[in-house]
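Residue numbers run from 1 in the order of the sequence given.
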Amino acid sequence: MMRRALCLVVFLAWSAPAAAQVNPWRAPAAYSPSDVDLLLGCQAVLHAADMFTTAYDLRLGGPEAVREANPLLAPFAGSPVTLTIVSGAIDILEAYTVKKLERRHRKIARGYALALVALEVWTTINNVNAAGELQRQRARGAARP
């Protein structure tokens with residue numbers, strides 16, 4: 001009986017600190033993302049959309065009908081995988097630069113990140129519009145006997 005009581009006391013003493021633990025679903029204030037972090041996250045998602053739509057356009061239209069407008073990425077337009085890898089590496093370098101800049105120049109970093117988001121929105125919209133035009137051209141070409 002004494003052994004069971006001792007086990008119960010040890011069990012209760014061991015589990016008591018669990019009530020004082022931090023809720024895992026609520027991040028502490030020290031870990032809340034900054035506005036630059038949120039902008040860079042949006043830019044990363046938009047960059048993925050840009051890469052998907054670029055690869056789709058290149059596949060739909062082919063190299064004779066579609067070209068990569070970015071002069072740094074134009075040599076890689078023949079291979080969507082290589083294009084995505086190189087563009088992703090440039091994107092990571094941009095995010096790293098913005099995060100380093102944020103330490104000393106928060107407003108400049110915020111503006112830089114906002115400009116990156118705006119650029120990705122513009123390129124993705126441009127790619128979607130190009131895909132629509134390519135699909136219309138393909139449909140007109142298929143309708144002719």
- Message: Same cluster or not: Ile90 versus Phe76, using hydrophobic residues (I, L, V, M, F, W, Y) connected whenever any side-chain heavy atoms lie under 4.5 Å apart?
- Response: yes
- Message: Nearest 0.5 angstrom please: Leu83 CG to Glu68 CD, how far?
- Response: 5.5 Å
- Item | Value rounded to 0.5 Å, distance of SG in Cys42 from CG in Asp37 | 11.0 Å
- Among Ile, Leu, Val, Met, Phe, Trp and Tyr joined by side-chain contacts under 4.5 Å, find the other residues sharing a cluster with Leu39 and list them by chain and number. Leu46, Leu114, Val117, Val121, Ile125
- Item | Beyond-backbone contact of Ser34 with Lys99, side-chain heavy atoms, under 4.5 angstrom | yes
- Item | Any donor-acceptor N or O pair under 3.5 Å, side chains Thr54, Asn127 | yes
- Query: For Leu58 and Ala77, which heavy atoms make the closest approach, and how far apart are they?
  - Reply: CD1-O, 3.5 Å
- Query: If you look at every heavy atom in Ala44 and Asp91, which pair is closest and at what distance?
  - Reply: CA-OD2, 4.4 Å
- Message: Running the 4.5 Å side-chain criterion over Ile, Leu, Val, Met, Phe, Trp and Tyr, what cluster does Ile108 land in, apart from itself?
- Response: Val36, Leu40, Val98, Leu101, Tyr112, Leu116
- Message: Taking the side chain as everything from C-beta on, heavy atoms only, tell me whether Val66 gets closer than 4.5 Å to Leu60.
- Response: no
- Fellow cluster residues of Trp122, listed by chain then number, with links counted only when side-chain atoms sit under 4.5 Å apart: Leu119
- Item | From OG (Ser87) to CG (Asn70), nearest 0.5 Å | 7.5 Å
- Message: Within the structure provided, determine whether Asn126 and Thr53 are in side-chain contact (heavy-atom separation under 4.5 Å).
- Response: no
- Note on the structure: Interatomic distance, CE@Met51 vs OG1@Thr123, rounded to 0.5 Å, equals 7.5 Å
- Note on the structure: Rounding to 0.5 Å, atoms CG (Leu134) and OH (Tyr56) come to a distance of 8.5 Å
- Message: For a 4.5 angstrom cut-off between non-hydrogen side-chain atoms, does Asp35 reach Arg106?
- Response: yes
- Query: Are the side chains of Pro80 and Arg59 in touch, meaning some heavy atoms are under 4.5 Å apart?
  - Reply: no
- Message: If you apply the rule side chain to side chain contact (heavy atoms under 4.5 Å, CB included), what do you find for Gln43 with Glu94, and how did you get there?
- Response: CA-CA 10 Å; Gln43 192 266 343; Glu94 289 172 340; 3.9 Å; yes
